[in-house]
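The structure under discussion appears below in the form of structure tokens.
Every value quoted in this text rests on a predicted model; they were computed, and no experiment measured them.
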Number of protein chains: 2
Amino acid sequence: MTIDTPTQTVLYTLEQAIKTYRRLCQQNIDRVVDKLTVDQALILIVLDKHPALSQQQIAELVFKDKASLTRIIELLVQKGLLTRGMHSADRRKFELHLTPQGQHTLAQLTDTILLNQRTALAGLSEEELVQFHSTLQKIIANCSTPAPCA
Amino acid sequence: MTIDTPTQTVLYTLEQAIKTYRRLCQQNIDRVVDKLTVDQALILIVLDKHPALSQQQIAELVFKDKASLTRIIELLVQKGLLTRGMHSADRRKFELHLTPQGQHTLAQLTDTILLNQRTALAGLSEEELVQFHSTLQKIIANCSTPAPCA
DNA sequence: TATTATTTGTTGATATATCAACTATATTTG
DNA sequence: CAAATATAGTTGATATATCAACAAATAATA
């Protein structure tokens with residue numbers, strides 16, 4: 001189609017890039033494990049790396065809502081990939097641990113995760129990536145700034 | 001928090017940027033119109049610019065599923081911002097038109113849309129934007145390529 | 001210590017994303 | 001023209017995003 005972009009800006013392209021990337025990720029995940037979403041995989045990765053974090057902290061880390069975290073974790077527990085136990089110090093919190101099956105699933109995903117990243121960033125120079133990251137950070141800062149006038 | 005990013009790559013930052021930008025957009029939309037989502041606003045904009053497009057074509061244009069389009073359009077019709085009439089040539093399709101109220105809502109959004117874009121991209125040089133866009137296009141192309149090996 | 005305020009996580013409601021199945025209509029083809 | 005195929009859009013199921021209201025537990029304070 002030869003229709004110009006709706007917003008005429010790169011932000012439209014940004015949206016497209018994320019969607020295309022997530023689609024690639026899901027396709028590659030589907031090849032190695034059954035019925036696991038990109039977001040569920042992400043939470044498995046984060047929980048493995050940072051087992052001491054609370055749900056709230058994980059939510060912040062991956063830019064998700066705590067409500068979303070509750071539901072994703074519930075699904076992971078249902079699938080037998082995660083256990084949710086009492087927290088010793090703070091009874092409001094839970095202790096989250098990957099089950100052996102969760103560890104196994106994660107192990108199967110390791111190569112996929114790398115593949116996804118390498119595929120998406122193929123042919124980009126280190127310098128280009130640094131510049132790209134810098135621009136993204138500027139955009140994030142711009143959008144995070146509290147609005148100038150109420 | 002001093003925790004490194006989960007994926008160690010810019011793709012994580014990309015996700016963060018989109019989320020932060022969408023949040024900004026929603027906040028600014030909330031200031032001028034009542035109960036309208038970012039996606040609904042986007043569809044209004046696109047329909048106004050391209051009134052002849054089918055739902056399918058609009059879906060492709062904004063990288064959404066046709067099922068999502070059906071539902072978003074339904075909500076816009078419910079809100080009285082859009083009419084859905086018979087298509088003269090092809091009875092599978094619909095003719096979508098903004099109502100006067102839809103036009104009015106869109107007019108109220110015009111400044112907001114510009115504000116969102118300007119806010120997000122403030123302080124970025126033309127050259128930086130061109131480079132940024134180029135990198136995004138490369139990532140999209142990388143992710144769109146059918147996987148090398150099955 | 002009793003009260004108040006804050007924090008952690010859950011739940012409900014609504015919107016969107018994705019996939020698959022489905023209907024109705026058009027188009028192609030034999 | 002009839003049958004097969006393709007296309008447009010809808011609907012159902014499930015997952016996630018967001019917001020608000022909420023319960024339970026903890027922390028702060030008077």
Side-chain angles (χ1 to χ4, degrees), chain A residues 15-16 18-27 29-30 34-44 46-47 52-79 81-82 84-96, chain B residues 15-16 18-27 29-30 33-44 47 52-79 81-82 84-96:
Chain A
E15 184 102 21
Q16 183 185 5
I18 269 292
K19 288 197 180 180
T20 314
Y21 176 59
R22 287 181 69 92
R23 200 166 301 145
L24 169 75
C25 289
Q26 188 63 65
Q27 285 168 357
I29 288 175
D30 288 344
D34 195 43
K35 308 237 175 212
L36 194 76
T37 68
V38 173
D39 296 293
Q40 289 165 14
L42 175 62
I43 300 306
L44 276 188
V46 174
L47 275 176
L53 292 189
S54 69
Q55 295 185 197
Q56 183 83 266
Q57 287 173 310
I58 294 165
E60 285 167 21
L61 190 59
V62 297
F63 309 111
K64 290 182 185 297
D65 196 89
K66 58 183 178 171
S68 297
L69 249 287
T70 294
R71 281 151 186 152
I72 294 174
I73 284 171
E74 192 184 324
L75 290 172
L76 289 172
V77 171
Q78 274 178 28
K79 285 176 202 279
L81 305 179
L82 214 63
R84 193 159 50 163
M86 285 295 154
H87 193 281
S88 42
D90 189 334
R91 276 188 293 174
R92 291 171 302 184
K93 299 183 182 177
F94 295 99
E95 271 179 9
L96 302 166
Chain B
E15 183 102 22
Q16 183 184 6
I18 269 292
K19 289 197 180 182
T20 314
Y21 176 60
R22 287 181 68 92
R23 200 167 300 146
L24 170 75
C25 289
Q26 188 64 64
Q27 285 168 357
I29 288 175
D30 288 344
V33 298
D34 196 41
K35 309 239 176 208
L36 194 77
T37 68
V38 174
D39 296 291
Q40 289 165 13
L42 175 62
I43 300 306
L44 277 187
L47 275 176
L53 291 189
S54 69
Q55 294 185 198
Q56 183 84 266
Q57 288 173 309
I58 294 165
E60 284 168 20
L61 191 59
V62 298
F63 310 112
K64 292 183 184 298
D65 196 90
K66 57 182 179 172
S68 297
L69 249 287
T70 294
R71 281 150 185 156
I72 294 174
I73 285 172
E74 193 184 323
L75 290 173
L76 289 172
V77 171
Q78 274 178 28
K79 287 175 202 278
L81 306 178
L82 215 61
R84 193 159 48 163
M86 285 294 154
H87 193 282
S88 41
D90 189 335
R91 273 187 297 172
R92 291 171 303 184
K93 299 184 182 177
F94 295 99
E95 272 180 7
L96 303 166

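The distance between atom CD1 of A:Ile73 and atom C1' of C:dG9, rounded to the nearest whole Å, is 10 Å. One atom, NZ of A:Lys93, and another, P of D:dT26, lie 10 Å apart when rounded to the nearest Å. Remark: C1' of D:dA17 and CD1 of A:Ile58 are 18 Å apart, rounded to the nearest angstrom. Following rounding to the nearest Å, A:His87 (NE2) and D:dT26 (C1') show an atom-to-atom distance of 13 Å. Taking atom CZ of B:Arg23 as the reference point, atom C1' of D:dT18 lies 9 Å away to the nearest angstrom. Put simply, CD on A:Gln16 is 16 Å from C1' on C:dA17, counting in whole angstrom units. Between A:Leu24 atom CG and C:dA17 atom P the separation is 19 Å, expressed in whole Å. Distance CG (B:Leu96) to P (D:dA8): 14 Å, rounded to an integer number of Å.
With hydrogens and angles left out, the side chain of A:Arg92 and the base of C:dT8 share no donor-acceptor pair within 3.5 Å.
For A:Arg91, the side-chain contact (heavy atoms from CB on, under 4.5 Å) criterion is met by no residue, not counting sequence neighbours.
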Between N or O atoms, less than 3.5 Å apart, protein on one side and nucleotides 10-15 of chain D on the other: list the pairs.
unit_1 : atom_1 : unit_2  : atom_2 : d
D:dT10 : OP1    : B:Arg84 : NH1    : 2.4
D:dT10 : OP2    : B:Gln55 : NE2    : 2.8
D:dT10 : OP2    : B:Thr70 : OG1    : 2.5
D:dG12 : N7     : B:Arg71 : NH2    : 2.6
D:dG12 : O6     : B:Arg71 : NH1    : 3.3
D:dG12 : O6     : B:Arg71 : NH2    : 3.2
D:dA13 : N6     : B:Arg71 : NH1    : 3.3

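The CD1 atom of B:Ile58 lies 13.0 Å from the OG atom of B:Ser68; values are rounded to the nearest 0.5 Å. Rounding to the nearest 0.5 Å gives a distance of 8.0 Å between CG of B:Leu42 and CD of A:Glu15. The distance from the CG atom of A:Leu44 to the CG atom of A:Leu82 is 6.5 Å, given to the nearest 0.5 Å. Atom OG1 of A:Thr70 and atom CG of A:Asp65 lie 8.5 Å apart (nearest 0.5 Å).
Counting only distance, with no hydrogens or angles, the side chain of B:Lys35 and the backbone of B:Lys79 share no donor-acceptor pair below 3.5 Å.
Side-chain atoms of B:Lys64 and A:Lys19, non-hydrogen and from C-beta on, do get closer than 4.5 Å to each other.
Contact annotation: B:Lys64 reaches the phosphate of C:dA17 (side-chain N/O to OP1 or OP2, under 4.0 Å).
Mapping A:Lys19 and B:Arg91 onto DNA chain C by nearest heavy atom places A:Lys19 at the nucleotide closer to the 5' end.
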